[in-house]
Amino acid sequence: MASRVLIVGAGLTGSLCAHLLRRELAGRLQLVVWDKARGAGGRMSTSRCPSDPKCTVDLGAQYITITPDYAQKHKVFHDELVAEGILKPLSAVVEGMVMKDGSSNLVTPLGVSSIVKYYLKQSGADVQYERHVTQINLRDGKWEVSCKSGYPEAFDAVVLTMPVPQILQLQGDIRKLINEKQRRQLEAVSYSSRYALGLFYEAGTQIDVPWAAKYITDNPCIRFISIDNKKRNVESSDMGPSLVVHTSVPFGIEHLEQEKEDVQPVIIKHLHTILPNLPKPKEIKCQKWRYSQVTKAFPECPGQITLHSQPFLLCGGDGFTHSNFDGCTESALRIVETLASQLHY
Ligand code: FAD
């Protein structure tokens, strides 16, 4: 009988895991993906303007940067996404970007979540949203996984791909399975925090700046601004432009415990000091990234750790590598390698 495998998290790590597991163990697995959010992407999320779904903005990851270290190692992954038209070279002007020698950037014409959606579709997994996992218990040799709502379900293996502090919030037997050393190591994994704003404009609005994106170094709040559709090289007359703003990490940390509704006007005020002639948007979205990018990963960046084998309970995600496409790919590869070692037989 096919093993029932649950992947918690429909971000890049979880979706790529599902895609690779399908390739590796097709027919032997029944794949289920649960995410607490209402859609796919995680920190590679693309937000739609509520009144104009064609107008979108990437609130998290902006580019896929190919560094010399991974250009060969993960070539098949980069090439597959380029061949599918999901990635294409960044051709727009980005002011103030510091690039390592030999690196290049790719962008996603349909928004960065299109990468995650592609992998989920390829995986054939049963993907369910608004499934917020709260407890994991061992019952009769299987994992019984509970959510905030709905009945618990049983699985032969579970893979957790959310940020490490969210793994540590889970209740049930999982708490006993994390030994003292692992707990100390997991608790030491740290992330930066920042806010992101998405501003959506009416079709035909002109945003008169000579760049598609710009890194800001002289503002206490804002670190990055991008005319998102221009950055992705998609401009059409029936679609309004969209703008994304990322705050600096110190600003994110200072305002972390405030309500986003209170922080949004502060960011807007700073934005107007940088771009005084910015037109009025028709809608604004504010996102608090409590866990933005990994600042200290799990020791030795193993890609995954095994909390229990037989049945498997694994943890992965960028907390076990580093925060970018190749970090998540590395984690997904290590997870699949570990699962395949047992599920092949
Ligand atoms: P996540 O994307 O965080 O996915 C985890 C998923 O788990 C989420 O969807 C979450 O909803 C879900 N989840 C959490 N808890 C539960 C629960 N209890 N039950 C169910 N579901 C749960 N990377 C780049 O490559 N290039 C960039 O330019 C770049 N810029 C970035 C800018 C910002 C502002 C941010 C925030 C990140 C950026 N990154 C960038 C990093 C990149 O986005 C992340 O490394 C990557 O998306 C992490 O993917 P993941 O699948 O490991 O985790």
Side-chain angles (χ1 to χ4, degrees), residues 6-18 32-46 57-67 70 74 78 87 90 94 97 103 105-108 112-113 115-116 119-120 127-136 145-150 158-171 174 191-198 213 215 223-224 226 231 244-249 252 287-295 297 303-304 315-332 335:
L6 174 67
I7 296 171
V8 183
L12 179 58
T13 307
S15 63
L16 182 53
C17 258
V32 180
V33 178
W34 284 354
D35 200 293
K36 66 179 177 147
R38 275 183 293 165
R43 280 170 280 156
M44 294 208 164
S45 80
T46 303
V57 77
D58 286 336
L59 289 174
Q62 299 292 307
Y63 323 98
I64 304 306
T65 304
I66 313 292
T67 60
Y70 287 103
H74 290 168
H78 307 145
L87 290 179
L90 166 74
V94 180
M97 180 185 257
S103 297
N105 279 312
L106 300 167
V107 285
T108 46
V112 73
S113 70
I115 301 175
V116 174
Y119 287 143
L120 288 175
V127 186
Q128 298 177 24
Y129 298 108
E130 300 187 85
R131 287 286 217 152
H132 189 150
V133 172
T134 52
Q135 275 206 42
I136 302 185
V145 184
S146 309
C147 289
K148 271 192 179 165
S149 59
V158 174
V159 179
L160 304 171
T161 69
M162 59 273 233
V164 170
Q166 293 174 325
I167 294 176
L168 289 169
Q169 282 164 17
L170 296 173
Q171 301 297 313
I174 183 173
Y191 296 75
S192 58
S193 304
R194 61 174 93 234
Y195 282 84
L197 283 193
Y215 287 86
R223 174 70 185 117
F224 176 78
S226 165
K231 175 201 78 190
V244 63
V245 178
H246 284 169
T247 73
S248 66
V249 171
Q287 168 79 42
K288 185 194 288 190
W289 293 116
R290 183 176 290 273
Y291 308 113
S292 179
Q293 283 126 303
V294 173
T295 48
Q304 69 85 32
C315 303
D318 62 356
F320 299 88
T321 51
H322 50 269
S323 280
N324 62 20
F325 179 88
D326 290 299
C328 296
T329 302
E330 209 49 34
S331 174
I335 291 167

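This one's a predicted model, so the numbers in the text were calculated from it and none came from an experiment. FYI, side chains are in, hydrogens and waters are out, and symmetry mates aren't considered; it's all heavy atoms of this structure. Whatever order the structure lists ligands and atoms in, that order sets their numbers, starting from 1. Numbering starts at 1 and runs along the sequence shown.
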Distances for all N or O pairs of ligand 1 and the protein under 3.5 Å?
from: ligand 1; atom 1: 2 (O); to: Arg43; atom 2: N; distance (Å): 2.8
from: ligand 1; atom 1: 3 (O); to: Arg43; atom 2: NE; distance (Å): 2.8
from: ligand 1; atom 1: 3 (O); to: Arg43; atom 2: NH2; distance (Å): 3.1
from: ligand 1; atom 1: 9 (O); to: Asp35; atom 2: OD1; distance (Å): 3.4
from: ligand 1; atom 1: 9 (O); to: Asp35; atom 2: OD2; distance (Å): 2.6
from: ligand 1; atom 1: 11 (O); to: Asp35; atom 2: OD1; distance (Å): 2.7
from: ligand 1; atom 1: 18 (N); to: Val133; atom 2: O; distance (Å): 3.0
from: ligand 1; atom 1: 19 (N); to: Val133; atom 2: N; distance (Å): 2.9
from: ligand 1; atom 1: 21 (N); to: Lys36; atom 2: N; distance (Å): 3.1
from: ligand 1; atom 1: 25 (O); to: Phe325; atom 2: N; distance (Å): 3.1
from: ligand 1; atom 1: 26 (N); to: Tyr63; atom 2: O; distance (Å): 2.7
from: ligand 1; atom 1: 28 (O); to: Gln62; atom 2: N; distance (Å): 3.0
from: ligand 1; atom 1: 28 (O); to: Tyr63; atom 2: N; distance (Å): 3.2
from: ligand 1; atom 1: 28 (O); to: Tyr63; atom 2: O; distance (Å): 3.4
from: ligand 1; atom 1: 43 (O); to: Arg43; atom 2: O; distance (Å): 3.4
from: ligand 1; atom 1: 45 (O); to: Asp318; atom 2: OD2; distance (Å): 2.7
from: ligand 1; atom 1: 51 (O); to: Leu12; atom 2: N; distance (Å): 3.1
from: ligand 1; atom 1: 51 (O); to: Thr13; atom 2: N; distance (Å): 2.9
from: ligand 1; atom 1: 51 (O); to: Thr13; atom 2: OG1; distance (Å): 3.4
from: ligand 1; atom 1: 52 (O); to: Thr13; atom 2: OG1; distance (Å): 2.8
from: ligand 1; atom 1: 52 (O); to: Asp318; atom 2: N; distance (Å): 3.3
from: ligand 1; atom 1: 53 (O); to: Arg43; atom 2: NH2; distance (Å): 3.1

The salt bridge (Lys or Arg N to Asp or Glu O under 4.0 Å) partners of Asp58 (sequence neighbours excluded) come to Lys231, Arg232
Measure the acute angle between the ring planes of Phe224 and Tyr63, then classify it against the limits of 30° and 60° as parallel, tilted or perpendicular.
perpendicular
I'd like to check the salt bridge (Lys or Arg N to Asp or Glu O under 4.0 Å) partners of Arg223; sequence neighbours left out, ordered by chain and number.
none
Quick check: His78 with Tyr70 (ring centres under 6.0 Å apart)?
no
Sorted by chain and number, sequence neighbours left out, side chain to side chain donor-acceptor pair (under 3.5 Å) with Asn324 holds for His322
Between the side chain of Ser331 and the main-chain N/O of Gly316, is any donor-acceptor distance below 3.5 Å?
no
